[in-house]
**Student:** 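Before we start, here is the structure in question, set down as structure tokens.
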Amino acid sequence: MDWFKRKKGISGNERKSIPDGLWVKCNKCNEIIYRRELQKRMFVCPKCNYHFRVTSKEFIQYYFDEGSFREFNQNIRSVDPLKFKDSKKYTDKLKEAQKKTGLNEAVVTGDATIHGQPVVTAVMDFFFIGGSMGSVVGEKISRAIDRALEKRVPLIIVATSGGARMMEGALSLMQMAKTSAKLARLSDAGIPYIAVLTDPTTGGTTASFAMLGDIHIAEPGALIGFAGQRVIKQTIGQDLPEGFQTAEFLLEHGFVDLIVARQEMRATLARILRILWPINGENGKSREKLETAGAAANPEVHSDNSSPPGTGRQTAG
Amino acid sequence: MLKKNFRMILDFEKPIVELEKKIAEMEEYARETGMDLTEDIARLTKKVETLRKDVYSKLTPWQRVQLARHPDRPYTLDYIQRMAGDFIELHGDRYFADDPAVVAGIARIEEFRVVIIGQQKGRDVKENLYRNFGMSNPEGYRKALRVMKMGAKFRMPVISLIDTPGAYPGVGAEERGQAEAIARNLLEMSHLPVPIVIAIIGEGASGGALGIGVGDVILMMENCWYSVISPEGCAAILWRDNAKAPQAAEAMKLTAPDLLEMGIIDRIVPEPPGGAHWDYDQAAATLKTFILEELRRLVTIPPQELIEKRVEKFARMGYWKE
Ligand SMILES: [Zn+2]
């Protein structure tokens, strides 16, 4: 219930960010690694395969074609609708986060390509207030969905988030409904959405767009869940099982399709897209022709919005 | 007015209850002795009314949270019993189990055949263990969705009653995809081709509440709260002190008037004086009137337009600058 309790751990989590200095110690196996070496390896430990948390900038660099990313809606910024203040003012927290990350908000959205295939993407950034979702994150993701729908290109969301942003109260909660409602439209239009889940993806983010992909891909070892581990432990009064809420746990329980190492992610996304959404069509058919043929053969896939209740719509999503 | 066998009186209710007790005693005394106390009783009755108005017109957000959680407050089944005819409860998500924290079924309300879903708390310890304090597992969300989809199939509008301290944070819940279950409901409710009327009748805690909370109209009873986290949870994280819950409640803007102003809810449903727990019948009658008004309006809208409007409604939520 109090999924945001996870945020308590964020100060600890933030220490898991890419450390400065020439040498870096692995969070998992304690190996001391030369920073340059780690950078070359996309911040994956050469000894134990631990995937360090990275910023949105690195994800963009690793997952999409070099230089292909074109950001949009960069200048949507948070306001402070609740005039929220605990020990600090929310507006001050925002300013600090902006200064620290060089970003305006916890998600970056844009057009990009993967092995030449155009996509629309939203890449979250854990280092901006724990990647928490407030009005701006919800709005930017919604607009990215609109754009994918309009351009008829696949959507890829790279999730990393502690959940909803408490300082915006119920407004942050509503972003879950907002993004999910937009995804319903995308799904009804038959456009693919791939969710890439990275460490950590929790709370309201998981309980909305992160779990609504046609395909879910996770980075190895990523923490993925709904409730915070502290809350669960308190509730059940027991220790949690080994590997609880990891990517591997979700794969075992059927909520993730694939676990893919960071270095393999771009190639894997490209392979999936080539099958789900071939840009040059198949057997010489154009994308449009392919879609028309598909729609004729399987009307449920591109369900007509005027269909009567209880038919095509029910299978969408 | 005073509900019999009530169990709990909130601090701010005490002066009112004391006065009412006194009036009752005087009436008793007058009856026994034959003395005429009419004037005194009338004076005190007037006083209690003034006091009631005074106390309830300036409730703090934290006091409203307490009213929303009042152990005598009417729950989902209390409303269903009073609002609907021929309610048939349906069970199970068809995948794993039946979740007693969520009630789902079919019924009639005046001219409508409807699906009703809602979170159900327990009245005592035993019942609460059975209902899991109204904290749903994934099966609860999946049961709700199954019955809503059946409703859509037979063109029956959906009424959803929200009253939960949150989705259940357990190991099994995570294993069986609590997040996926909630997310799925958000998406499916967004494009369900029948009218959906939501009413928050008690506590609306975070994703656990929202998981049955996407609809065409969001009603909220006067003394409820709805937010992204409980005031205690918020206080624990941001103030690092659970005892700061009253401050957190203030800061979170979680009351009905706050949410109306932010465009998160559409209408506030007035409660009987002192709160819904003082008069179940009146509370249910008012809620029923509101729901019927909305249903009569919504059924005239073609399904596709209904869905478009529903998506746009949620798309408008939020504040930003650019
Ligand atoms: Zn390592």
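Reminder, nothing fancy here: chain letters follow the sequence lines and each chain counts from 1.
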**Student:** Got a second to check how far B/Ile229's CD1 is from A/Leu173's CG, nearest 0.5 Å?
**Tutor:**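 Rounded to the nearest 0.5 Å, the CD1-CG separation comes to 11.0 Å.
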**Student:** What is the minimum heavy-atom distance between A/Asp86 and B/Leu238, and which atoms define it?
**Tutor:**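 What the structure gives for the nearest pair is OD2-CD1, 3.5 Å.
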**Student:** Mind ranking A/Asn75, A/Thr179, A/Ile76 by heavy-atom pairs under 4.5 Å with chain B and telling me who comes out on top?
**Tutor:** A/Ile76
**Student:** Taking the side chain from B/Lys321 and the backbone from A/Arg77, do they hold a donor-acceptor pair closer than 3.5 Å?
**Tutor:** no
**Student:** Report yes if the side chains of A/Val136 and B/Tyr319 come closer than 4.5 Å at any heavy-atom pair, otherwise no.
**Tutor:**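 Contact flag for A/Val136/B/Tyr319 side chains = no.
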**Student:** How about B/Glu261: does its CD atom have over 12 heavy atoms from other parts shown lying under 6.0 Å from it?
**Tutor:**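 No, the 6.0 Å shell around CD holds no more than 12 heavy atoms from other groups.
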**Student:** Show the nearest heavy-atom pair for residues B/Trp320 and A/Val79, with the distance to one decimal.
**Tutor:**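 That closest heavy-atom pairing would be N-CG2, 3.9 Å.
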**Student:** Under a 4.5 Å cutoff for heavy-atom pairs, which residue among B/Met189, B/Glu180, B/Arg316, B/Gln247 has the most contacts with chain A?
**Tutor:** B/Glu180
**Student:** Tell me, out of A/Ser78, A/Gly254, A/Pro241, A/Ala181, who's got the most heavy-atom pairs with chain B below 4.5 Å.
**Tutor:**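 Option with the top pair count is A/Ala181.
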**Student:** Where is the tightest heavy-atom contact between B/Val228 and A/Met166, given as atom of each residue plus distance?
**Tutor:**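 Shortest heavy-atom separation between B/Val228 and A/Met166 comes out as CG1-CA, 4.0 Å.
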**Student:** Between A/Met176 and B/Leu210, what is the shortest heavy-atom contact and its length?
**Tutor:** CB-CD2, 3.8 Å
**Student:** Among A/Lys182, A/Met174, A/Lys83, A/Glu168, which residue forms the greatest number of heavy-atom pairs with chain B at distances under 4.5 Å?
**Tutor:**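 Among the listed options, the one with the most contacts to chain B is A/Met174.
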**Student:** Sort B/Val171 into side chain, backbone, both or neither according to what part of it lies under 4.5 angstrom from a heavy atom of chain A.
**Tutor:** both
**Student:** Please flag which part of A/Lys140 lies under 4.5 Å from any non-hydrogen atom of chain B: side chain, backbone, both or neither.
**Tutor:** neither
**Student:** Are there more than 12 heavy atoms of other residues, nucleotides or ligands under 6.0 Å from atom CD of A/Glu242?
**Tutor:**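 Check fails, neighbour count at 12 or below.
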**Student:** Answer yes or no: is there a side-chain heavy-atom contact under 4.5 Å between A/Met211 and B/Arg184?
**Tutor:** no
**Student:** Counting only non-hydrogen atoms closer than 4.5 Å, does B/Leu254 touch chain A with its backbone (N, CA, C, O), its side chain (CB onward), both, or neither?
**Tutor:** neither
**Student:** Top residue by heavy-atom pair count (under 4.5 Å) with chain A, among B/Gly204, B/Ala183, B/Ser190, B/Gly211?
**Tutor:**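 Most heavy-atom pairs under 4.5 Å with chain A: B/Ala183.
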**Student:** Given heavy-atom pairs under 4.5 angstrom as the criterion, report whether the side chain, backbone, both or neither of A/Leu240 touches chain B.
**Tutor:**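 The side chain, not the backbone.
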**Student:** At their closest point, which heavy atom of B/Leu186 faces which heavy atom of A/Ser208, and how far apart are they?
**Tutor:** CD1-CB, 4.1 Å
**Student:** What are the two closest non-hydrogen atoms of B/Ser227 and A/Ala170, and how far apart are they?
**Tutor:**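 The answer is OG-N, 3.6 Å.
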**Student:** Find the distance between CE (B/Met262) and OG (A/Ser135) and round it off to the nearest 0.5 Å.
**Tutor:** 9.5 Å
**Student:** Pick one of side chain, backbone, both or neither for A/Lys88, based on which atoms fall under 4.5 Å of a heavy atom in chain B.
**Tutor:** neither
**Student:** Could you check whether any side-chain N or O of A/Lys178 sits under 3.5 Å from a backbone N or O of B/Phe314, counting only pairs where one atom can act as donor and the other as acceptor?
**Tutor:**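 A pair under 3.5 Å: no.
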**Student:** Is there side-chain contact between A/Phe249 and B/Glu175, with at least one heavy-atom pair below 4.5 Å?
**Tutor:**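 Yes, their side chains come closer than 4.5 Å.
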**Student:** Going from CG on A/Leu82 to CD on B/Glu250, what distance comes out if it is rounded to the nearest 0.5 angstrom?
**Tutor:** 11.5 Å
**Student:** Check whether any side-chain heavy atom of B/Met252 sits under 4.5 Å from a side-chain heavy atom of A/Phe84, and report yes or no.
**Tutor:** yes
**Student:** Any side-chain heavy atom of B/Glu308 sitting closer than 4.5 Å to one from A/Arg185?
**Tutor:**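 Touching, per the 4.5 Å side-chain cut-off.
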**Student:** Identify whether the distance between the nearest side-chain nitrogen and carboxylate oxygen of A/Arg143 and B/Glu322 falls below 4.0 Å.
**Tutor:** yes
**Student:** For a 4.5 angstrom cut-off between non-hydrogen side-chain atoms, does B/Tyr168 reach A/Thr235?
**Tutor:** yes
**Student:** Which bit of B/Arg176 comes within less than 4.5 Å of chain A, counting heavy atoms only: side chain, backbone, both or neither?
**Tutor:**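 For B/Arg176, the contact with chain A is made by the backbone alone.
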**Student:** Any donor and acceptor pair, going by atom type alone, linking the side chain of B/Glu174 with main-chain N or O of A/Phe226 inside 3.5 Å?
**Tutor:** yes
